[in-house]
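Small disclaimer: the values here were computed from a predicted structure and weren't measured. We name chains A, B, ... by the order of the sequence lines, and we start the count at 1 in each one. Just the heavy atoms: all of them, side chains too, but no hydrogens, waters or symmetry mates, feed the values below.
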Protein chains: 2
Amino acid sequence: MNQLVTKKPEHETIYLRVRDMILFGEVVPGQPVTIHGLAQAIGTGVTPAREAIRRLTAAGALVSRENRRIEVPDMTAHRLEQIELVRLTVEPALAEAAAKRCKPHDIKELERLDALVDEAIKVGDIRGYLEANYHFHFYLYGLADAQILHRIAETLWLRIGPSLRVVCGRYGTANLVDHHRKATEALWANDPQKTKEAIAQDIRQGMDFVRQTSAD
Amino acid sequence: MNQLVTKKPEHETIYLRVRDMILFGEVVPGQPVTIHGLAQAIGTGVTPAREAIRRLTAAGALVSRENRRIEVPDMTAHRLEQIELVRLTVEPALAEAAAKRCKPHDIKELERLDALVDEAIKVGDIRGYLEANYHFHFYLYGLADAQILHRIAETLWLRIGPSLRVVCGRYGTANLVDHHRKATEALWANDPQKTKEAIAQDIRQGMDFVRQTSAD
DNA sequence: ATTTCAATAATTTGATCAAAAGTTATCTGA
DNA sequence: TCAGATAACTTTTGATCAAATTATTGAAAT
């Protein structure tokens, strides 16, 4: 019998788990991450935890300080500026490419995800908002079939995840606006250019929102 | 007495070593990389080699295939297009920022590195060209004080390193043109905008050159 | 000669251990 | 009470080992 599920290695699982922790605000900028503590928290050995941490530091999601301590990097205005520059190049390009390959079935899925975003905002569920927002964007980006851009976008989201959590915690979800409607409408209209612009606008406003927390 | 050199861990050394191997064309697209073989080649244990490989796969410099084999990714026109898009955003921005903080001493160093590029082209030393070219660009980018952009640029160079080596090997260094003079002149003139444009032009022509090897 | 199947070899993966390095707590002496 | 030194604890790091997985080799059958 064919084995349908290819068992993924432990370090891959841990990597995905910690990645989610960072993306969805379970960690805070400046928070130290120990290889031991991580292994213990997840309930696994230290070897796969090490490898997961290496991958995350390579992606810039964690930083390794000189005393070989590892922690979640904090955000600065300067870093935010760099991230915005690249996001505004990469993600609209992904959205444009996605729009060209998008099927009605995909747009419906995006609308479903967007409804989750709205719901989370209304209820004030920060974690739910972060997850739904991420899934909306990366379902769209996944349609683009552009792995390199996709991965760059992911590393940038890993960098803003913790800060986004902080600012949401401070100001709540009331100030959040959902700009995804414009994107799905452009997709229905089969208009890649408009989709691209909608995502660019969404990014600009998201980054403005995060800017409220960054130290100088 | 103060310890001036902080001993860097083994996995860091190996990482840098393999990184150089990729950047400077000691590996070929499609070439398999075994964790064992690497440890044996460098003459070290398997644990630090593993961690170095994880970092490189996280950066996209190596790809992990489904049969948990790891190899150097090959280049395609589509990938090249994605890389060019991001390079043309990130590196000119770095050059512009660098131009604003550049001291005469730095420009002299850049001219020294550029002379090495010229020399390598003249002599037909491919490895020497790759190294000198890299050092010219990243000495400049290092002046910008923009770590995030800097690291993104590095990952992109890691992706084109093997292909650049292949195309140089096929066509030799005769077809290479050195566009750095325009950049150093703009730096002397204290003209960030011109510096930015010079680097953008250099990137475009470099990518055109690599395009000759990529499969469809 | 080619294909199939089993056996062998090589490799990855995760656990464990010892040594090195760093951090925290305690104790001492003023 | 407070500063400095020592001790105890924690963490990282690299080596080693066993199990699991994958590739490769070789033999047998058609």
Side-chain angles (χ1 to χ4, degrees), chain A residues 1-22 26-74, chain B residues 1-19 21-22 27-74:
Chain A
M1 190 176 71
N2 244 343
Q3 192 147 344
L4 290 181
V5 292
T6 30
K7 208 192 324 173
K8 68 178 73 167
E10 187 87 357
H11 66 82
E12 179 77 14
T13 313
I14 299 177
Y15 167 75
L16 291 174
R17 181 104 166 249
V18 181
R19 181 177 151 283
D20 280 1
M21 288 173 62
I22 295 172
E26 284 178 45
V27 297
V28 166
Q31 180 174 330
V33 174
T34 72
I35 214 167
H36 241 166
L38 189 64
Q40 209 157 2
I42 314 247
T44 180
V46 74
T47 309
R50 254 199 285 197
E51 302 184 44
I53 284 184
R54 293 285 173 257
R55 289 176 61 180
L56 288 161
T57 53
L62 299 173
V63 293
S64 147
R65 303 190 55 181
E66 68 288 345
N67 19 335
R68 53 184 188 173
R69 275 292 158 85
I70 288 170
E71 62 177 45
V72 181
D74 52 354
Chain B
M1 190 176 72
N2 245 345
Q3 192 148 343
L4 290 181
V5 292
T6 29
K7 206 194 322 172
K8 69 176 73 167
E10 187 88 356
H11 67 83
E12 179 76 14
T13 312
I14 299 177
Y15 167 76
L16 291 173
R17 181 105 165 248
V18 182
R19 182 176 151 282
M21 288 172 62
I22 295 171
V27 297
V28 165
Q31 180 173 329
V33 174
T34 72
I35 197 169
H36 242 165
L38 188 65
Q40 210 158 3
I42 314 243
T44 180
V46 74
T47 310
R50 252 198 286 195
E51 302 185 46
I53 285 183
R54 291 287 173 257
R55 288 177 61 179
L56 288 161
T57 53
L62 299 173
V63 292
S64 148
R65 303 188 55 180
E66 67 288 346
N67 18 336
R68 53 184 191 172
R69 276 294 154 84
I70 288 170
E71 62 178 46
V72 180
D74 52 353

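D/dT11 atom P lies 18 Å from atom CD of A/Glu66, rounded to whole Å. The CD1-P distance, from B/Ile70 to C/dT12, rounds to 7 Å in whole Å. In this structure, the CD atom of B/Glu51 is 13 Å from the P atom of C/dG14, given to the nearest Å. The NE2 atom of A/His11 sits 17 Å away from the P atom of C/dT11 (whole-angstrom rounding). Nucleotide D/dT22 holds its P atom 18 Å from the NE2 atom of B/His36, rounded to whole Å. Here the P atom of nucleotide D/dT12 and the CG atom of A/Leu62 are 12 Å apart, to the nearest Å. Distance, A/Glu10 CD to C/dG14 C1': 8 Å, rounded to whole Å. Rounded to an integer number of Å, the gap from NZ of B/Lys8 to C1' of D/dG14 is 17 Å.
A salt bridge is defined here as a Lys NZ or Arg NE, NH1 or NH2 lying under 4.0 Å from an Asp or Glu carboxylate O, and B/Glu12 with B/Arg55 meets this definition.
A 4.5 Å side-chain heavy-atom check between A/Leu62 and A/Ile22 finds at least one atom pair inside the cut-off.
Comparing B/Thr34 and A/Gly45 by the nucleotide of DNA chain C whose heavy atom lies nearest to each, the residue mapping closer to the 5' end is B/Thr34. Position along DNA chain C of the nearest nucleotide to A/Arg69 versus B/Arg54 favours B/Arg54 as the more 5'-ward residue.
Taking OG1 of B/Thr57 as the reference point, atom CD1 of B/Ile70 lies at 6.0 Å (rounded to 0.5 Å). Distance check: B/Ile42 CD1 to B/Ile14 CD1 gives 6.0 Å after rounding to the nearest 0.5 Å.
Comparing C/dG22, D/dG14, C/dG14 by their nearest atom to the side chain of A/Arg68 picks out C/dG22. With D/dG14, C/dT16, C/dT12 as the candidates, the nucleotide lying closest to the side chain of B/Pro9 is D/dG14.
Below the 3.5 angstrom threshold, one finds no donor paired with an acceptor across the side chain of A/Arg50 and the base of C/dG14.
Among residues two or more places apart in sequence or in another chain, the side chain to side chain donor-acceptor pair (under 3.5 Å) test is passed with A/Thr44 by A/Glu10.
Applying the 4.0 Å criterion to OP1 and OP2 of D/dA23, one finds that B/Asn67 has a side-chain N or O inside that range.
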